[in-house]
Amino acid sequence: MQPAKAETTVPATKDMKDIVALCKRRGFIFPASDIYGGINGFWDFGPLGTELKNNLRDLWWKRMVLCPPIGPDGHPVQMVGVDTAIIQNPKVWVASGHVGGFSDPMVDCRETKKRYRADHLKMLSFSDKPNVYATYIQDSEEEDIKKVLKGIGLLKSYEAGNAKAEDFVSFVAAKPESLKFIYGPDAKEIGTLTEPKAFNLLFETKIGATATDDNIAYLRGETAQGIFINYKNVLDSSRVKVPFGIAQIGKAFRNEVNPRNFIFRSREFEQMEMEFFCHPDEAKMWFDFWKVERQKFWQDLGLAKENLLMREHGQDELVFYSKGTFDIEYHFPFNGFDESGNKLFGELEGIAYRTNYDLNQHAEHSGQKMEYMDPDDNTKRYVPHVIEPAAGLTRGVLALLCEAYTPDPNRPSGVYLNLHPKIAPKKAAILPLMAKEGQPEIAEKLYMELREEFPVDLDIKQNIGKRYARQDEIGTPFCFTIDGETSKDNAVTVRDRNTMAQERVGLDNVAEFLRKKMKV
RNA sequence: GCGGGUGUAGCUUAGUGGUAAAGCUCCAGCCUUCCAAGCUGGCUAUGAGGGUUCGAUUCCCUUCACCCGCUCCA
C-alpha cells in the first residue's frame with residue numbers, strides 16, 4: 001500500500017442536514033411513511049441502513065453473548081440471551097413504575113413558555129380577593145414568593161395573613177374553569193397556565209379483535225423488563241450461576257413529547273440491553289468492569305475518543321433506586337458547543353447500578369420469590385443486585401454515521417463515509433475499468449468468488465470515477481479494479497477508500513486481503 | 001406542547017395569478033478509461049386539504065413534515 005498522504009486536517013464541518021440527505025439519497029434511512037408526508041418520530045431503514053444496523057447489532061451480540069469478555073474474577077463472563085414479547089401482561093409495567101408512578105402531569109405557561117410539573121406547584125388563595133390565585137414552585141424561598149406577589153399586587157394581602165396555600169392539582173381538577181383566574185409562577189398576566197396534562201410515555205394498545213378498555217396493554221418502553229420477568233425461568237433452565245448476565249436486543253416504544261434530531265429521539269427505536277445479576281458485595285466491582293468494557297466497545301467500532309464522554313449522573317438526576325449511573329455520551333453534530341466552545345454530548349448508552357429494585361418490584365407484584373440460593377452455602381439467600389448497560393442500537397447507528405461522515409473537497413464525491421470494514425454495509429466493490437476486452441468477465445468471476453464470503457458490489461456501468469465516488473458515499477472500504485493488465489498479470493488494483501491510495505494485489509489473494517482487513 | 005423558520009424533480013436552485021426552468025444525480029445507448037470526463041436520448045416536482053378566482057405553485061385558511069430555540073426524556 002502506498003503511504004497515505006499526510007492528513008490534511010479539514011475542519012470537519014458535519015452538518016446534520018447533509019448527513020440526513022446522504023442517508024436518504026443512498027438508502028440508509030428514509031422518513032417513515034414518506035409517500036404520505038411522513039409521520040413524526042418514526043424512521044425507516046433502507047437497504048444499506050439495515051445492513052449497517054445489523055452489523056452493529058451482531059457485533060454487540062457477539063461481544064456480549066457469544067464471546068463475552070473475561071471478567072474481573074479471571075473467568076469468562078457467563079451470559080445468555082433472550083428475545084421476549086413486546087407486549088406483556090400490563091402488570092409488568094405497573095411493577096416497573098412505567099404506568100402510574102412516573103407519569104407526572106405537566107403544566108405549560110403560555111406567557112413565559114415555561115413548563116412545570118403540576119405536582120410541584122403550590123397555589124395561594126386569598127380570603128379578601130376572590131377569583132385571584134397565585135402559584136409558586138414548591139420549596140421556593142419566602143423572598144422569591146414575595147417578589148412574585150408584589151409584581152402582581154398581592155403582597156399586601158399576603159402579609160396581612162389572608163393567603164392560604166392549596167394544592168394546585170386537586171384545586172384545578174375540581175374546578176378546571178378556575179384556570180383563568182390563576183397567575184403562573186413567573187407570569188405577569190393572569191390565566192396563562194394550561195390544563196395539567198399527563199405525560200405517559202408508554203404506547204397503549206388493546207388486545208383482541210373486540211377491543212375494549214378492559215384489555216389495555218402496552219408496547220414495551222424498554223427491553224429490560226422482559227429480562228427481569230424471565231430471571232427465574234433463565235435461572236431454572238440454563239445452568240447459569242450468579243454472577244451472570246441476560247442480554248436482549250429489540251424494539252422499544254416511547255410516546256416522546258417531542259421527537260427530535262433525526263433518529264436520535266424517535267418514538268420507535270431499538271435497544272441493546274444487558275442485565276448483570278451479581279452478589280450485592282460484588283456489585284461495585286462489576287459496575288466498574290462494565291463501565292470500562294462498554295466504553296471500549298464503542299471505541300473499537302471507530303468512535304473517536306474525543307467524541308466520547310463518560311458522564312456520571314448527579315444526585316438530582318439519579319432515579320431514586322439507582323446507586324449510580326454513568327452515561328456514555330457522544331458528541332453528535334446537533335449537540336453543538338457551549339459558550340466556552342466545549343463540546344456538548346448526547347446519550348448513547350446508560351450504565352446503571354439498579355440495586356435489586358426491579359427484582360423486588362416484580363417479587364412484590366407477582367408474588368413470586370426472586371431470591372437466589374447460594375449453591376455453595378444453602379443457608380445464604382439474597383436477591384441479586386443488577387448492573388445494567390443499556391445501549392441504543394438506533395443511536396449507535398446514528399453515532400457511527402456521524403463519526404464516519406467526512407467531507408473532503410479533494411475528491412469528486414465531496415464526501416466519504418469512514419466506516420470501519422467490520423460495520424460497513426459493503427466490504428468491497430469489483431469494478432472493471434472498461435466494459436470490454438474481457439474485463440467484465442474477470443470481474444464477474446471475482447465477484448462470484450467473493451460474494452460467498454463478503455457482501456460485495458459488482459458495478460460495470462459508467463466511468464471509473466463515478467463508481468469510486470458512489471462507493472465512497474456508502475462507505476465501502478475497498479474497490480478492486482480490473483484493468484488491461486489483469487489478463488496478463490492476474491492482478492487487480494486495490495483502491496483504499498480513506499487515502500485513495502492504490503496497490504496491486506494478485507487475483508488469488510483478494511479474498512485473503514479482505515479477510516485480513518476485516519479482522520483489524 | 002409553545003415560539004420562530006422552511007416546504008418546487010433524487011439533490012441544488014429559478015420562476016410566475018395564465019403551458020413550471022435549469023444544472024447535477026439516476027436510467028438507456030455511443031465512446032473510452034484509474035477518480036462524478038464527452039456525446040445522444042429518457043424518467044421525475046410545486047408536501048396535503050380547503051377557500052378566493054374564469055384560472056392558484058403564487059393570495060388566504062387549515063393541516064402535515066422537517067429545521068432552530070424552549071420544554072420533556074421515569
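Chain A is the first sequence line, chain B the second, and so forth, proteins listed ahead of strands; every chain is numbered from 1.
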Between [options], spot the one nearest the side chain of [X], thanks.
X: R260(A); options: C34(B), G69(B), C11(B); result: G69(B)
X: K466(A); options: C26(B), C34(B), G10(B); result: C26(B)
X: N258(A); options: G1(B), C73(B), C34(B); result: G1(B)
X: M434(A); options: A36(B), C35(B), U33(B); result: U33(B)
X: N261(A); options: A74(B), U32(B), C68(B); result: C68(B)
X: R470(A); options: U71(B), C26(B), C73(B); result: C26(B)
X: K461(A); options: C34(B), C66(B), A28(B); result: A28(B)
X: R26(A); options: C27(B), C73(B), A36(B); result: A36(B)

Quick one: look up who [N] pairs with, Watson-Crick or G-U, both distances under 3.5 Å, and put none if it's unpaired.
N: C34(B); result: none
N: C54(B); result: G18(B)
N: C66(B); result: G5(B)
N: C26(B); result: G42(B)

So, [X] and [Y], do they make that salt bridge, N to O below 4.0 Å?
X: R267(A); Y: E256(A); value: no
X: R467(A); Y: D459(A); value: no
X: R495(A); Y: D472(A); value: yes
X: R504(A); Y: D483(A); value: yes

Pairwise 5' ranking along RNA chain B for Y36(A) and E347(A), keeping only the more 5' one: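 Taking each residue's closest nucleotide, the earlier one in sequence belongs to Y36(A).
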Return the 5'-most residue of the pair E473(A), L433(A) with respect to RNA chain B, ranking by each residue's nearest nucleotide.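 So the residue in question is L433(A).
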For K426(A) and D457(A): C-alpha separation, side-chain torsions, deciding distance, then whether salt bridge (charged side-chain N to carboxylate O under 4.0 Å, His left out) applies. CA-CA 7 Å; K426(A) 300 284 182 185; D457(A) 260 1; 3.4 Å; yes
Select base, sugar-phosphate, or nothing to describe what F480(A) touches, counting heavy atoms under 4.0 Å on all strands.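 Touches nothing.
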Figure out the [atom1]/[atom2] separation between [X] and [N], and round it to whole Å.
X: I35(A); N: U44(B); atom1: CD1; atom2: P; answer: 17 Å
X: E437(A); N: C31(B); atom1: CD; atom2: P; answer: 12 Å
X: K17(A); N: C68(B); atom1: NZ; atom2: P; answer: 9 Å
X: E329(A); N: C73(B); atom1: CD; atom2: P; answer: 16 Å
X: I474(A); N: C26(B); atom1: CD1; atom2: P; answer: 13 Å
X: H98(A); N: C73(B); atom1: NE2; atom2: P; answer: 13 Å
X: R495(A); N: C35(B); atom1: CZ; atom2: P; answer: 10 Å
X: R265(A); N: C66(B); atom1: CZ; atom2: P; answer: 14 Å

Whole-Å [atom1] distance, [N] and [M]:
N: G47(B); M: G10(B); atom1: P; result: 12 Å
N: U63(B); M: G4(B); atom1: P; result: 14 Å
N: G1(B); M: U62(B); atom1: P; result: 16 Å
N: G38(B); M: U6(B); atom1: C1'; result: 38 Å
N: U58(B); M: U52(B); atom1: C1'; result: 13 Å
N: U44(B); M: C24(B); atom1: C1'; result: 14 Å
N: A36(B); M: U25(B); atom1: P; result: 10 Å
N: U57(B); M: A21(B); atom1: C1'; result: 13 Å

C34(B) base to D483(A) side chain: any donor-acceptor pair below 3.5 Å?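 A donor-acceptor contact between them is present.
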Report yes if a donor N or O on one partner sits less than 3.5 Å from an acceptor N or O on the other, where the partners are the side chain of Q502(A) and the base of C34(B); otherwise report no.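 Per atom types, the contact qualifies.
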Does any part of the side chain of V319(A), heavy atoms only, come nearer than 4.5 Å to the side chain of Y357(A), both counted from C-beta?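 No, their side chains stay 4.5 Å or more apart.
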Is the phosphate of C26(B) approached by Q462(A) (side-chain N or O, under 4.0 Å from OP1 or OP2)?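 Result: yes.
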Does the side chain of N463(A) get closer than 4.0 angstrom to OP1 or OP2 of C31(B) through an N or O atom?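 No, no such contact exists.
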Name of the residue among E275(A), E273(A), K251(A) meeting side-chain hydrogen bond (donor to acceptor under 3.5 Å, both in side chains) with T223(A):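 The passing option is E273(A).
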Between F480(A) and F513(A), what is the ring plane arrangement, given parallel below 30°, perpendicular above 60°, and tilted in between?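 Rings of F480(A) and F513(A): perpendicular, over 60°.
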